[in-house]
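Numbers restart at 1 for each chain; the letters A, B, ... are given by sequence-line order, proteins then strands. Keep in mind it's a predicted model, so treat the numbers as computed, not measured.
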Amino acid sequence: MKFQAPKGTRDFYPAEMARRSYILDAWRRVSQRNGFEQVDGPIFESLDLYKVKSGDGIVSELFHFEDRGGRELALRPEFTPTLARMVAAQANALPKPIKWFSTPNLCRAERPQRGRLREFSQWNVDILGLDDSVTDAECIFTAVDLMSELGLTPKHVRVKISHRQTVRNILAKLGVTDADMPAAFNLLDRMDRLPREEVLTEASRIGLDELAVRMFQEFGKDKYPCDQDGVIAAIRSKLVLDRGDPSVVDFETLGTELETFGIADWCEYDLSIVRGLAYYTGTVFEIHEASGAERAMAGGGRYDGLIKMFGGPATPAVGFGMGDVVLMNVLADKGLLPDSEKVSPRPDVFVIEVTGYTTKSLKIVSSLRKQGVHARFSYKTTRNLGKQLKEAAACCARYALIVDERIIEQDVAGLKNLSTGEQSDVSVKEEHMDDLAARLGHREP
RNA sequence: GUGAGCGUAGCUCAGUUGGUUAGAGCACCGCGUUGUGGUCGCGGGGGUCGGGGGUUCGAAUCCCCUCGCUCACCCCA
């Protein structure tokens, strides 16, 4: 019997794990400097939790099972329901605004393809309890901060921003009824990928006449930079909305905030961004690879109604999720995913023993380790110095400590800097191990 | 769920119209030079040719099924 990892899952051998940690560490570092606190929940939840938000249709898309008590459970396909449940349960006790992040593993019973697996990690960042658009901007800033942290630039990726309410109002002006609104959003989402005639057919089905279809297509395909005066006005004139329309004011304010945060050059308005049909109420955004080659790297927006849906008090909220799969694809394509050696823990010292005093050298190893030094040694039987130096170099050790017969008479050993090749003698007397550990433990930037 | 293209060693691949015990490079492990680095030499482990069935005297090679991978569609929280 030969076993292999289940379809759509990954094994992380040390080299892959080092790269994965590189991403997860960046997520945590960026979250924390933006003022977010880490949370987590169970990896499985009651199946109903997901039905509440997404309807019964979601069940076929997730891994679900029954426990021995007949309870219906599901592996989490997303984190937001858990977050909503947690916030709803203690809404009154939590200081506002709530700024939380998490990096859960999620499972979806989908067919794997490029950028999409059955198990993946996702970075979730949310701000709850404030409806100020500065929090929308702060979420986008945090996402951009991460991109920047990993070496990406506005040339590599674009933040595409839309506004649910603005789009809804435009569609209403064009003649779409409330009943047809979901279909209209769905069409808007797919418009880029559909042939023109099909767009026309579907548009007429939801009550859009010839002129309306043209306008519909027009605003769906145009992209506007966020950093120029008057763009909002340009959009507004095209989009037949009144100057005082609250959603436009809101949208406009966000643009100003993005400029204030200094990230307007990463962003553009793109009203074809829809984000499914779910629970978004205001700002929505996605981050894409600039050429549009990959699927979305991140997506999010404002969801002011969700906490109430989960039994909590009405709580405004904004947030986004970013998966590791597309992110790593994009980084790899741009040559920005470091080699595993560059992001793997590097030994401070490799203790080499050439004369047979194994006990002495092992004592040095354990003494250094007790003081926090990353120390390794060879398990080979050979005493050959060249071979052991090669092994030390292969694991990228900073120093080699060469223990020879002088350990007996003088308590000294050779310390060789493996990047410069310089070598000098150091004392390995018991009372001097502190000094040696301090010297070896000092990490160059 | 639908469709297409791929499955030979850990990795990249060779393997003639079906023909003896299925190969190479890299990687891994060991040994060698009585003491200074990714060399070099020698040796070693590792493959039921994804799995099952069929055709045939004979299948890595031809046919069917199945599993997996990759890509696209559906969907995308």
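Considering A:Phe101, A:Phe320, A:Phe36 in turn, A:Phe320 is the only one that fulfils the ring pair (Phe, Tyr, Trp, His ring centres under 6.0 Å) rule with A:Trp123.
Within 4.0 Å (heavy atoms only), A:Gly321 reaches no atom of the nucleic acid at all. At the heavy-atom level, A:Leu418 lies under 4.0 Å from base atoms of the strands shown. Within the nucleic acid shown, A:Asp189 has no heavy atom closer than 4.0 Å to any nucleic acid atom. Using a 4.0 Å heavy-atom cutoff across all strands shown, A:Gly8 reaches sugar-phosphate atoms only and no base atom. A:Glu405 comes within contact range of at least one nucleobase, with a heavy-atom separation under 4.0 Å.
Checked against B:U36, B:A77, B:G35, the side chain of A:Gln423 finds its nearest nucleotide in B:U36. The side chain of A:Ala394 lies closest to B:G38 when the candidates are B:G38, B:G68, B:A77. Listed nucleotides: B:C69, B:G37, B:A77. Nearest to the side chain of A:Ile58: B:A77. Which of B:G35, B:A77, B:C69 sits closest to the side chain of A:Glu78 comes down to B:A77. For A:Lys390, taking side-chain heavy atoms from C-beta onward, the closest of the listed nucleotides B:U39, B:G35, B:A77 is B:U39. For A:Pro77, whose side chain is taken as the heavy atoms from C-beta onward, the closest listed nucleotide among B:A77, B:C75, B:G35 is B:A77. Of the candidate nucleotides B:C69, B:G35, B:C75, B:C75 has the atom lying nearest to any side-chain atom of A:Glu61.
Stems are defined here as 3 or more consecutive Watson-Crick or G-U wobble pairs with pairing distances under 3.5 Å; those involving RNA chain B are B:1-7 with B:67-73, B:10-13 with B:23-26, B:28-32 with B:40-44, B:50-54 with B:62-66.
The phosphate of B:G37 (OP1 or OP2) has no side-chain N or O of A:Lys416 nearer than 4.0 angstrom.
Remark: A:Asp178 engages A:Arg168 in a salt bridge, criterion side-chain N to carboxylate O under 4.0 Å. The pair A:Arg114-A:Asp333 counts as a salt bridge, with a side-chain nitrogen and a carboxylate oxygen less than 4.0 angstrom apart. Salt bridge A:Glu78/A:Arg108: absent, no basic N to carboxylate O contact under 4.0 Å. Classification of A:Arg346 and A:Asp348 as a salt-bridged pair fails, no side-chain N sitting under 4.0 Å from a carboxylate O.
Taking only distance into account, the side chain of A:Asp404 meets the base of B:G35 through a donor-acceptor pair shorter than 3.5 Å. Between the side chain of A:Lys387 and the base of B:G35, no donor-acceptor pair of N or O atoms lies under 3.5 Å.
Relative to the ring axis of A:Phe350, A:Arg376 does not place its NZ or CZ within 45° and under 6.0 Å from the centre.
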Practice problem: Mind running side-chain hydrogen bond (donor to acceptor under 3.5 Å, both in side chains) on A:Glu202 and A:Ser204 for me, showing each step along the way? | Solution: CA-CA 5 Å; A:Glu202 292 204 26; A:Ser204 65; over 6 Å; no
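Position along RNA chain B of the nearest nucleotide to A:Thr9 versus A:Tyr50 favours A:Thr9 as the more 5'-ward residue.
Near RNA chain B, meaning a heavy atom under 4.0 Å from it, residues 101-123 of chain A has A:Arg108, A:Glu110, A:Arg111, A:Gln113, A:Arg114, A:Arg116 in order of number.
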Considering only distance and modelled atom types, tabulate donor-acceptor pairs under 3.5 Å from the side chains of residues 322-329 of chain A, sequence neighbours left out.
residue, atom, partner, partner atom, Å
A:Asp324, OD1, A:Ser121, N, 3.0
A:Asp324, OD2, A:Arg10, NH1, 3.1
A:Asp324, OD2, A:Arg10, NH2, 2.9

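Atoms NZ (A:Lys7) and C1' (B:U66) sit 12 Å apart, rounded to a whole Å. Rounded to whole Å, atom P of B:G68 lies 15 Å from atom CG of A:Asp11.
Using a 4.5 Å heavy-atom cutoff, the side chains of A:Leu306 and A:Lys53 are in contact.
In this structure, A:Tyr269 has its ring center closer than 6.0 angstrom to the ring center of A:Phe251.
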